[in-house]
Visitor: 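Supplied in structure tokens, the structure appears directly below.
Predicted model only: the values in this text are computed from it and were never measured. The sequence lines fix the lettering, A, B, ..., with proteins before strands; numbering per chain opens at 1.
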Amino acid sequence: MLDVKMIRDKPDLVRQRLATRGAGDETKIDEVLSLDEKRRSLLSEVESLKAQRNRVSKEIGALMGQKKVAEAEAKKTETRQIGDKITELDRTVQDVERARDHVMLRLPNIPHSSVAVGNSAADNPIVRHWSEQPSFAFTPKSHIELCEKLGMIDFARGTKLSGSGFLLYTNWGARLERALIHFLLDLHTGTHRYVEVSPPFIVKSECMVGAGQFPKSVDQAYAVQEGEDTSTLGKLYLVPTAETPVANIHREEILKENQLPIYYCAYSPCFRAEAGAAGVGTRGMIRVHQFDKVELIKIVQPETGYDELESMVGHAETVLQRMGLHYRVLQLCTGDMGFTSAKTYDIEVWAPGQGQYLEVSSCSNCEDFQARRMNLRYKTEAGENRFPHILNGSGTALARLFVALIETFQQPDGSIAIPTALQPYLKVDRIPAG
RNA sequence: GGAGAGAUGGCCGAGUGGCUUAAGGCGCAGGUUUGCUAAACCUGUGUAGUCGUAAGGCUACCGAGGGUUCGAAUCCCUCUCUCUCCGCCA
């Protein structure tokens with residue numbers, strides 16, 4: 001959520017920065033301003049009435065103490081209507097606040113000034129490449145064919161169990177997935193000094209609002225219901241990413257400054273309804289309703305937010321470097337960035353069987369946008385309460401890493417070579433053909 | 001799921017309709033005293049909104065939301081969570 005005071009103080013700047021996203025959100029600023037103005041004027045009215053009521057009530061108390069009942073009764077009558085007026089005004093204030101928050105919760109974050117202005121993915125600047133695209137003496141197969149031949153994924157039975165977009169990992173497929181999760185957590189907790197957490201995979205809607213998924217993307221989430229009890233629907237949701245529970249760990253807290261920076265990493269499955277995306281490149285593992293991911297979260301002082309973003313991207317890149325996979329890093333332009341982000345880098349790994357780059361990581365600094373929504377603050381040494389920057393990054397998404405890995409390291413004989421770094425986890429140096 | 005007990009500031013804890021502006025204690029910060037440390041004493045010490053150049057004022061907040069009342073931490077209703085016991089369960 002944006003700071004209302006900033007909108008109040010610099011409406012033109014906010015409008016101009018929002019306009020670079022190209023979604024038309026800048027047009028909602030006037031509505032915020034007028035609701036904010038209305039709220040403040042109502043507030044000063046109702047608060048002075050409350051002050052008056054408090055004063056008279058105290059007088060009544062004193063009169064009762066002196067047994068001057070008649071005078072007290074007279075004052076009661078006098079004050080009675082003030083109470084009614086207060087009740088009425090309080091309701092109006094609440095309505096106006098709700099209306100203001102309704103708009104505010106739907107305004108995206110303001111892009112950082114260093115972010116390239118652009119309309120779509122086509123305008124994302126490429127920041128760097130790592131290594132070369134691997135070359136093959138044969139035509140590299142798609143992961144779909146490889147998985148079927150090697151019995152790593154049973155696509156048909158995954159669909160039988162849960163419908164399209166759900167995967168049944170089998171044998172070496174399941175073991176590779178588990179090895180990758182283990183490898184990623186060890187890398188980030190060891191070398192990169194993140195604290196491992198294992199959060200609930202179902203969260204309250206407040207957490208979805210806090211992390212910024214709700215209200216805008218409700219239709220992308222799986223809602224949970226207890227049995228047939230429809231009254232429980234809308235309270236809990238399957239996590240679309242570990243970012244949701246983990247970023248919310250300290251919601252509604254005031255942290256001590258010396259607790260920062262906080263670095264968390266967590267494995268979780270990610271559940272995404274992908275409403276509206278059906279039929280678009282859905283074959284195989286590239287877009288599915290459930291995938292595994294190891295997520296990185298940082299909660300830091302605003303001064304260090306952007307340095308922390310750079311190092312976080314580096315941590316995600318290390319994963320691909322250790323695997324020996326070719327990738328590129330993009331900076332998302334204003335028109336392509338997510339709702340909560342002020343600045344985002346995407347890491348795309350090369351998938352030879354697809355002949356394209358696949359997004360395996362997205363690292364963002366959301367600045368204080370989420371901290372505001374979840375009311376997470378920290379107290380400075382000077383005693384001031386501030387909102388920290390919250391960063392999230394995939395470190396990395398697994399289904400697509402899995403794809404890149406088996407497509408890159410497939411051998412002429414149909415087997416798959418396992419990168420040295422992963423061998424201690426999978427306990428073999430190759431997955432045998434057939 | 002059933003029965004019972006609870007939820008008050010950073011922490012402990014008093015408070016059953018108005019001398020509560022939430023007592024008292026602990027902790028923390030500053031000060032006085034002091035070779036140093038400690039002790040003692042004094043002062044201060046929550047969150048947010050709003051008005052104000054500022055000093056400061058006002059309003060709200062005692063788990064959450066409603067209600068009664070001139071006035072609610074206190075009375076009534078609903079809900080959430082925690083603890084104890086029972087049942088069920090991986």
Visitor: Does the side chain of A:N54 get closer than 4.0 angstrom to OP1 or OP2 of B:rA60 through an N or O atom?
Guide: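 The answer is yes; a side-chain N or O of A:N54 sits under 4.0 Å from OP1 or OP2.
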Visitor: Give a yes/no answer on whether the side chain of A:R40 brings an N or O atom under 4.0 Å of OP1 or OP2 in B:rU50.
Guide: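 No, A:R40 has no side-chain N/O under 4.0 Å of OP1/OP2 on B:rU50.
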Visitor: In whole Å, what is the span from the CG atom of A:D90 to the C1' atom of B:rG67?
Guide: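 To the nearest whole Å, that distance equals 14 Å.
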Visitor: When all nucleic acid strands are considered with a 4.0 Å heavy-atom cut-off, which category describes A:T79: base, sugar-phosphate, or nothing?
Guide: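 Here A:T79 touches the backbone only, sparing every base.
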Visitor: Quick check: on RNA chain B, is the nucleotide nearest A:T87 upstream (toward 5') of the one nearest A:E97, or the reverse? Name the residue that is more 5'.
Guide: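 By nearest-heavy-atom nucleotide position, the 5'-most residue is A:E97.
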Visitor: Tell me: CG of A:L42 to C1' of B:rA60, nearest whole Å?
Guide: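 Rounded to whole Å, this separation is 16 Å.
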Visitor: In terms of the angle between their ring planes, are A:H192 and A:H188 parallel, tilted or perpendicular, with boundaries placed at 30° and 60°?
Guide: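 Because their plane-to-plane angle lies in the 30° to 60° range, the rings of A:H192 and A:H188 count as tilted.
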Visitor: What is the distance from NZ of A:K204 to P of B:rA64, rounded to the nearest Å?
Guide: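 Whole-Å distance recorded here is 14 Å.
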Visitor: Centre-to-centre under 6.0 Å for A:F271 and A:F291, is that the case here?
Guide: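 No, the ring of A:F271 stays outside the 6.0 Å limit from the ring of A:F291, centre to centre.
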Visitor: Students often get this wrong, so: under 4.0 angstrom with heavy atoms, is A:R39 touching a base, only sugar-phosphate, or nothing?
Guide: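 Sugar-phosphate only.
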Visitor: Under a 3.5 Å cut-off for both distances, is B:rA55 Watson-Crick or wobble paired, and to whom?
Guide: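 Across all strands, not a single nucleotide pairs with B:rA55.
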Visitor: So A:R91, base contact, sugar-phosphate only, or nothing? Heavy-atom distance under 4.0 Å.
Guide: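 Result for A:R91 = sugar-phosphate.
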Visitor: Under a 4.5 Å cut-off applied to non-hydrogen side-chain atoms, are A:E177 and A:H182 in contact?
Guide: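 Of all side-chain heavy-atom pairs linking A:H182 with A:E177, none is under 4.5 Å.
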Visitor: Taking only the C1' atom of each, what is the distance from B:rG52 to B:rU59 in whole angstrom?
Guide: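 Result for the C1' pair: 15 Å, nearest Å.
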Visitor: What nucleic acid atoms does A:Q94 come within less than 4.0 Å of, heavy atoms only: base, sugar-phosphate, or nothing?
Guide: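 It contacts sugar-phosphate atoms only.
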Visitor: Expressed in whole Å, how much space separates the P atoms belonging to B:rC19 and B:rG24?
Guide: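 15 Å, rounded to whole Å.
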Visitor: Without decimals, in angstroms, what is the distance between A:E206 CD and B:rA64 P?
Guide: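 Value for this atom pair: 14 Å.
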Visitor: Could you tell me how far B:rA23 sits from B:rU8 if I compare only their P atoms? Round to whole Å.
Guide: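 That atom pair is separated by 16 Å.
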Visitor: Is a salt bridge present between A:K75 and A:E59, judged by a nitrogen-to-oxygen distance below 4.0 Å?
Guide: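 Yes, charged N to carboxylate O under 4.0 Å.
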Visitor: To the nearest Å, how far apart are A:N375 CG and B:rC61 P?
Guide: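 Rounded to whole Å, this separation is 18 Å.
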Visitor: When the C1' atoms of B:rC75 and B:rU16 are compared, how many Å lie between them, rounded to an integer?
Guide: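 Each nucleotide's C1' atom is 9 Å from the other's.
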Visitor: What distance, rounded to whole Å, do you find between the two C1' atoms, one in B:rU69 and one in B:rG17?
Guide: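 It comes out at 9 Å once rounded to the nearest Å.
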Visitor: Look at the aromatic rings of A:Y264 and A:H250 and report parallel, tilted or perpendicular, splitting at 30° and 60°.
Guide: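 Correct class here is parallel.
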Visitor: Need the pair for B:rA73. Rule: Watson-Crick or G-U wobble, both distances under 3.5 Å, any strand; none if unpaired.
Guide: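 Paired with no nucleotide.
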Visitor: State whether A:R53 places a side-chain N or O below 4.0 Å from either non-bridging phosphate oxygen (OP1 or OP2) of B:rG71.
Guide: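 Result: yes.
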Visitor: Now, which nucleotide makes the Watson-Crick or G-U wobble pair with B:rU80, with each of the two distances under 3.5 Å?
Guide: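 B:rU80 is paired, partner B:rA7.
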Visitor: Would you mind telling me which residue lines up with the more 5' stretch of RNA chain B, A:N385 or A:S57, judged by nearest nucleotide?
Guide: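 Here A:S57 is the residue nearer the 5' end.
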Visitor: Considering only the C1' atoms, how many Å lie between B:rU43 and B:rC61, rounded to the nearest integer?
Guide: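 Here B:rU43 and B:rC61 have their C1' atoms 27 Å from each other.
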Visitor: So which nucleotide does B:rC89 pair with, by the Watson-Crick or G-U wobble rule with both distances under 3.5 Å?
Guide: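 None - no nucleotide pairs with B:rC89, as no candidate has both distances under 3.5 Å.
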Visitor: Looking at every strand, decide which applies to A:K75 at a 4.0 Å heavy-atom threshold: base, sugar-phosphate, or nothing.
Guide: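 The answer is nothing, as A:K75 stays clear of every strand by at least 4.0 Å.
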Visitor: Taking pairing as Watson-Crick or G-U wobble with both contacts under 3.5 Å, can you name the mate of B:rC28, or confirm there isn't one?
Guide: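 Its partner is B:rG44.
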Visitor: To the nearest angstrom, how far is A:K76 atom NZ from B:rG71 atom P?
Guide: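 It works out to 10 Å between those atoms.
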Visitor: Measure from CG on A:L43 to C1' on B:rU50 and round the result to the nearest Å.
Guide: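 Nearest whole value for this atom pair: 6 Å.
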Visitor: Name the orientation class of the two ring planes belonging to A:F166 and A:H289 (parallel below 30°, tilted from 30 to 60°, perpendicular beyond 60°).
Guide: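 Plane angle between 30° and 60°, so tilted.
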Visitor: Determine the Euclidean distance between corresponding P atoms of B:rA38 and B:rG31; express it in Å to zero decimal places.
Guide: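 Approximately 13 Å lies between the P atom of B:rG31 and that of B:rA38.
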Visitor: Is there a donor-acceptor contact under 3.5 Å linking the side chains of A:E308 and A:Q301?
Guide: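 Absent: no donor and acceptor within the cut-off.
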Visitor: Between B:rG27 atom P and A:K379 atom NZ, what is the distance in whole Å?
Guide: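 The distance from NZ of A:K379 to P of B:rG27 comes to 20 Å, rounded to the nearest Å.
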Visitor: Using a 4.0 Å heavy-atom cut-off across all strands, classify A:R8 as base, sugar-phosphate, or nothing.
Guide: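 Answer is sugar-phosphate: A:R8 comes under 4.0 Å of backbone atoms only.
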Visitor: Measuring only the C1' atom in each nucleotide, how far is B:rA64 from B:rG6? A whole number of Å is fine.
Guide: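 Rounded to whole Å, the distance is 16 Å.
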